[in-house]
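Okay, so here's the structure we're looking at.
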Amino acid sequence: MGRLRVKGKAGAAKNYTTRSAAVKKLQCSLADFRRLCILKGIFPREPRSRKKANKGSSAPTSFYYTKDIAYLAHEPILKKLREHKAFAKKLSRALGRGEWSSAKSLEENKPVYRLDHIIKERYPTFIDAIRDIDDALCMVFLFASLPSNSRLPSELVENCARLSAEWQLYVMHSKSLRKVFLSIKGVYYQAEIMDQTVTWLVPYLFTQNVPADVDIRVMLTFLELYQTLLGFVFFKLYTDAGLVYPPPLDVKKEEQGAGVNAFDLQDSSRQPANKPIKVAEVDGRKITSKVVRQTIKAITSGDSEDVAGLNLSNPESTEADMEEEEFVQQSSKTQKTTTVILPTLQTLSNLPQTLSTSLFSSYTFFLSRETPRSIFEFIVRSFGGRIGWPSSSGSGSPFDETDPTITHVIIDRPVVEKQETPEQRELRLRRKFVQPQWIVDCINAGKILLEDPYAQGKSLPPHLSPFGEYEGAYIPAVEAADEETMQDEEEEGDGEEMDVDDEGNGVRGVLDVVAAAASEETSLRAAELAAEAAGVDFGTFEATVKRAHKKQVKKSTTDALEEAEQDMNKMMMSNKQRKLYEKMKYSNQKKEAERMHLESKRKELTKQKRKDRHA
Amino acid sequence: MAPLASGRKTIKRKQVDEDEDAVPPQQELRSNGALEMLSDEEDDGDASSDDGQVDEFPEIIDESDSEDSDYDEEEEEEDDEDEEDENEEEDEEDENEVDESETDADSDDSLHIFPKAKVVTSKITNQPKTVYPEIEPEYDSDSSTEDTPNRVGNVPMHWYDDMPHIGYDINGKKVLRPARGDELDKFLATVDDSSAWTSAFDKNTQSEKPLTSEELDLIRRLYAGENPDASYDPYEPTTEWFTGKGKEEIMPLSGALQPKRRWVPSKWEKQKVMKIVRAIRQGRILPSKPKSTAKFEPYAIWSEPSSSHPPPLPAPKPPLPTNAESYNPPEEYLPTEEERKAWEAQDPEDRERNFLPQKYSSLRLVPAYDRFVKERFFRQLDLYLAPRVQRVKLNIDPNSLIPKLPSPNSLKPFPNYRSLQFYHSNSRARCVSVSPDGAWVVSGDEGGVVSLWEIIVGREVKRWKFEGKIGSLAWCPRTDVSYFAVGIEDTIHFVIPPNIDPAVLSLTLTVLAPATLPPAPTTPSPVKWLTPPSASRSEDTPILTINLPPSTGLPTHFCWHRRGDYLASVSTGGQQGGVWIHQITRRHSQAPFKKIKGAVQSVLFHPLKPHFFVATQQYVRIYNLSEQKLVKTLMPGIKWISSMDVHPSGDHLIVGGYDRKLCWFDLELSEKPYKVLRYHSRAIRSLQFHPTYPLFASSSDDGSIQIFHSRVYNDLMTDPLIVPLKILRGHTVTDGLGVLQVRWCSKQPWLVSSAADGSVAVWCS
C-alpha cells in the first residue's frame, strides 16, 4: 500500500486559491487586492475541476493560482498600500481633530508607490511591452478626451493628452502607420512598430461621459499602470529614434490650439542650447547640415553618382561615410546609464518602412473646417503628405488656403452653388475636392485611388475594414465584382441568343444553356423558349434535357453514396472526436449561414436597385 | 375596587416617603396627586402595580419591577399598620374613601379644606397613631367625589361600549349610561354653557366635566412651551457663594518657596535641544524633506538585461473590427427591422455584436459612440477578472477527423440488397435458422408456425404448427445428418425436414431415435427425452422431444456445439438460470450451473476450446467446461446484454446490448472492450459473425441491419479492422420492435433476417 494521501494537500486543492482566501492571506482589502491584481497582471484561472479546487464545494468563486498569490505577498506595492492605509487613518484623525499642521505634514509625506519594477517584470523585453500597448493607447486616448472633474484631476487628463500627442508624433516621425479604419465607434489605427502591429482606437471628437455604472477606480488603476508603461516605451522609442524625450512643449502654441505641433521634436544629438541648425526642406524632406556635409564628402571623394539621389533617396551608399562621422555623445539629464544610440540616417532608414509610407509625399492637402483636424493631420503626415488647415481649426498651419501648391482639399459638406470670383474658380479647378474617406481608403489600398467616386457631395462607396474578416467570410468587394461580371455575362448571353440565328455555333451554345438550365423548372421553360427561338427542333431539345438530367442524377447518386459512406465511417469515430467534429461542423455551418445571409441580402438589394433603375 | 384603591394608595405613600419631612403629607398628596381623568397609559401603570400587589397576577410589567419591590416593603408596613388597627375593614374602607377624596381634591386643593387628622394612642399597641375623622359618605365629602357611582376601576371603558350601563356602583348595581344626547344637543349645550369649552370628557362617568382653573393654567403653559409649574421662576438672581466680589483668595494656600527649576532654564533641556541642533547642523536631521514633487521620469528600463523569468502570457487582444463596424458599410450589413428588434430584445451579454451596424452618408454625420467608455471598462474587467484558459485552436477540415477506411466497394462481397421476402402472417417472425448446407431456411413465429423454405426462391416446402410461441430455432451443424431443434414453452422438439437424401435420413434417424436407447443416467434427471413410437412417426411431428422441467419457460436461445452433439439452451425461467446442455447421442441433459448470478441472456460454445460463454445481464463469463472453472469475466459496460457472438477464430467476441452499444472484445487482450460502437438508434437485437467471410451483422429495433467488414489478423500487433459496409433497410418497425434475428448463410455472403412485422428477408450480395 502506498502512502496515505491526505485530501486537500496536493493537486488542484493546493494549486488554486479562492479570491476570499487570497484576500485573507494578503491581509488587505478587496479594493487593494484588485489594485494589486491589475498592476501585477494577475488574473483568475479556471481549474479543471472547480470541485476539486474548492474542497468539494461547487459554489461560484474565482480561483487564482496559489503561487501567484504567494508572489503578490512579496510585492513592495502591497507594503506601500498598507502604509497608505495607515496614512489615511492618521490623516483622517488629524483632520478630525483639526490638527491642520500635522495633517499637512502627513500629506506631504504621503506614501507613494512606483511601478518601474512592475513594468520590468511584466515586460522583460521591449518587444513584450510593444506587444501590449494596444490597451494602454486606447485608454490614454480616451482619457485625453474626457472632461476633468473631481474624480479625474486635470493633471491626469493633461498627462494623457501629452502621452497621446507624443505617440502620434512618434508614429508620424517614424512613418509607421499602416491602416486606418473609420468605424462607428471611433477611428481604428494600426501601426507597425518593431515588427509588432499596434492597434488603437480613438473616439471621435466629442465629449465623452463616464456612465454611472462604470467603476472609474478600476479604470484609473489601469490608467496609472498604462501611463507608466507608455512613459517607458516612449522614452525608448524616442531615444532609439534619436529624439529627445519628453519632447518640450511650447505653451504658447498649445494655447493657440496647435495640437501635436505644440511639441517640438528635438534631435538628441543637438546641443540643448545650440545655435539652430539650418534646416531646409526639399520635397518635404528635411535636410540638415549634417546631410549636407555628407553629400559634400561624397562629392569630394569623386563619386560619379547623382548627388541628389545620394542625398535624398539612397542612404545605403553613405553607410561607410556615416561610420566615420564623429558623434558627440550627449548624456541627457534624465538618463545616466544608457548610451544614446547613434541617430544616423542608417537607423532611421532601418525603421520599418514600406513603399506606401510615402504615399502622400507628392501631395499637399488642405483641410476644410468641418473635417476633424486631429485625425487627418495625423494620417496625412504619417504618410508623408503636407497638410494645412484654416485658423478656425487651430494655429500652426504651415500654409493657408490660398497656397498654390495645394493639390487636394478634404471637404465634407454638400455642394452649394455660390458666386465665385475668377480667382476662386481657378483655384477650385486646380484642386481636387475629396471627401475624407478618400484618404483612408487610399491608405488601406496602398495606392492613390481615383478621386471621382469620392468627390464632394457624391454618395461614397462603402468603407471596408482593412483588417479583414475570418477565413471564408463574406467579402463584399469580391461579391460586387462577381456580380458585375455576372451581369456582363448575362448581357453577353442575351446578345448570343439574339445573334444565334446565323451561327451554327450558337445552337450548341443554346444547348449548353439548356443543359445547364435543366435542373430548374422555370429556367427550363425559359431555355425551351430560347431554343425554339434559336431554331433547335424539339427532339434535340428533349434529348439534351434528358441527358442533362441523367448526368445530374448520376452525379447526385455518387455524391449521396460518398456521403453515406462518410456517414457510416463516422460511427467508427471515438466519442471525443465525434464531439469535436460536431462542434466544428456547427461553427462552420454558422459561418456559412452568415455568409449566405449576407449574400442573399446583397442579391436582393441589387435586384431592388436594378428594378429602381429600370423604373 | 379594592385593588385599585390600594394601588393608588401605595403610590402615594411612596411619594410621601420621598418627600421632605417639612412638607405635610396631605399637602404633598394633594399637590402630587394625579388627575382623576387618567389617560390610558397611566391606567396601565396603575393596573400593573395593583396586580403585582394584590392579585399576584402573573403579568407584571417590567418597568414596574423596581417599584414593586418598594411596594412590597410598603405593603408590609401597611400590613403592620393594619394589624394595629382594631376595625380593619372599616378602616380600609375609610381609607379608600379618603383616598378617593384626596385624589379628587387634588384638582382643587386650595378650595377644599381637608379634615384635620389627629394623633391618638392606640389602645392595642400604645403607640401614637393618626386618626382621620370619619367622613360621612353623603354630606361630608367633596361633592365631586361623593358618589363616584361607577366602581369598575381603571378598566378600559370601551369594554362597556356596547352595554347600556357603564359600570357598577358600590352596591353592585348597574350604573346606567347617562343620556348624552345627539350632536345637536351637544352643540346646544356648548352654546348654553359658557364653560363647555373648558370641560373634558370623563370616561369613567361618561360625561363632560369642567376643568379647574389650575388645569387650564397648566394646559395654557404647556401650549406656550413654558414650565408647567407655575411656581418655578427661571430667572432667579444668582447667588454667588464662593466667587465674585469680595470673595477673592488673597493668601496663598501654602507658604513654601518657589523651586528653582521654576525660574532657572533647564540644563537638560538645553542639552537635548543642543543635540538636535548639532544633528541638524551636521545634516543628520533634515528639516522636512524636500517634497517629492519630482514627477515620474522615465528612463531606459530595458537597457539592463532582463531576468531569466519567462514573460507572462500577453493578454489576448480584442478582435479587430470587421466591415460591419464601418461608418459606411456595404448595405447588406445593415440590419433589417426584424434583426434590429431581435438584437434589441436580446440580453446585452447574449448579443453576437455589441453594436448595430449603421450607415452614415458622410463622416461629419457620425455621432459619438455612447458606449465607448463602457466598452473600454468591460475590456478592463475582462483583463483582470476573467479567467483565461489557453485553448488550442484546431484549424483543420472537420472531415479529416473522420477515419479513413477502405471503401466498401473494395470489400465486396457483402449483402447489399434484398433478394426475396417470406411472410409469416399476423405474427412476429421471432427466429430464423439456415441449414448448414445453406439451401434451406426455417423460420418460426410467435403463432407457433415453423416454416421451411428454400433460400433461393423463397418457396415454402413445409409448415409445422406447434402450440405456443416459437422461442428459437437451430439447425444442427452436422452435414451428415439433417435436423433442427425448435424451442417452445418448456419443450425442445427435434424435427427432420422432408425430402432429404435417404442415407442422411437414416443416419439422422439413428442419431435421434436409435433402436437401442442409451442407458438411462444413474441419477434421475428432471428432463425427459421422449421419442414417439416409430408407428406414429410422420413428417409433421417431431422425431424427438425434450421436456424441460416445468416452469422453465420458453427457450429463447439455442447454441450448437460445432460437432453437433451438444445443444445448449437458454430459457426464460428456471432455477439454474435456464441453461441446459443436452447431449443428443447419450440423450442426456444437464444443467452446468447450480446457481448463477443474474439472468442469463445468451450462451456460446467456443469454436475451438472447451470454453463456454455465458452472458448475463451485464457481464460475460467464460467457463472452462473440462476443468469446471471460471476463466474470465468480461465487462462490456452495457446495461443489458441482448446477444453475443464469437468470431470463428475464437479470439474475438462481439456483444450487443439493448442500450444500443456493440462491444468488440479481443479475448487475448483485456476484459474491457477493444472498441465500443454505438450506431443503431434503438436496441440491438441480434448479431452474428459470418462463419467463413470476414463479415458480421447486427440487427436492431430501429428496423435496420448493419453489415460490417471485420478482418482479424493472426498478427497480435495488428488491431482488427472494422469497416462499416452497409445499412440494410427494408423491415418495418411494429410495436417498437424491428429486426429480431439475423443469421448468415454459411457458404454465401447472404443474410437472413426475421422481423417483428412477420417478414423474413434474404439479403444477397
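Lettering of chains follows the sequences in order, A, B, ..., and the numbering in each one begins at 1. What you see below is based on every heavy atom in this structure, not just the backbone, and it leaves out hydrogens, waters and symmetry mates.
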**Q.** Salt-bridge present (B/Lys317, A/Asp132; N to O < 4.0 Å)
**A.** no

Q.
How long is the straight-line distance from CZ of B/Arg678 back to CE of A/Met571, given to the nearest 0.5 Å?
A. 12.5 Å

Q.
I need the B/Leu363 CG to A/Leu460 CG distance, nearest 0.5 Å.
A. 9.0 Å

Q | Pair A/Asp135 + B/Arg376: basic N to acidic O under 4.0 Å | A | yes

Q | Contacting moiety of A/Pro203, where chain B heavy atoms sit under 4.5 Å | A | both

Q) By a 4.5 Å heavy-atom criterion (distance strictly below it), what part of A/Leu115 contacts chain B: side chain, backbone, both, or neither? A) neither

Q: For A/Lys185 and B/Asn354, run side chain to side chain donor-acceptor pair (under 3.5 Å): C-alpha distance rounded to whole Å, both residues' side-chain angles, the deciding distance at 0.1 Å, then the answer.
A: CA-CA 11 Å; A/Lys185 294 182 182 178; B/Asn354 53 9; 3.1 Å; yes

Q. Using non-hydrogen atoms only, which part of A/Thr228 is less than 4.5 Å away from chain B: side chain, backbone, both, or neither?
A. both

**Q.** Residues forming a side chain to side chain donor-acceptor pair (under 3.5 Å) with B/Ser681, sequence neighbours excluded
**A.** B/Asp702

Q: Pick one of side chain, backbone, both or neither for B/Gln390, based on which atoms fall under 4.5 Å of a heavy atom in chain A.
A: neither

**Q.** Segment of A/Thr199 engaging chain B (4.5 angstrom heavy-atom cut-off)
**A.** side chain

Q.
Does any backbone or side-chain atom of A/Tyr238 lie under 4.5 Å from a heavy atom of chain B? Answer side chain, backbone, both or neither.
A. neither

**Q.** Any side-chain donor near an acceptor of the partner, B/Glu325 and A/Tyr188, under 3.5 Å
**A.** yes

Q | B/Leu405 CG to A/Lys570 NZ distance, which is reported to the nearest 0.5 Å | A | 13.5 Å

Q. Can you tell me how far CG of A/Leu36 sits from OH of B/Tyr384, rounded to the nearest 0.5 angstrom?
A. 12.5 Å

Q: Would you please say whether a donor-acceptor pair under 3.5 Å links the side chains of A/Asp116 and B/Tyr299?
A: yes

Q) Is it the side chain or the backbone of A/Lys590 that comes within 4.5 Å of chain B heavy atoms, both, or neither? A) side chain

Q: With sequence neighbours excluded, tell me which residues meet side chain to side chain donor-acceptor pair (under 3.5 Å) with B/Tyr679.
A: B/Ser698

Q) Is any side-chain N of the basic residue among B/Glu332 and A/Arg602 closer than 4.0 Å to the acidic one's carboxylate O? A) yes

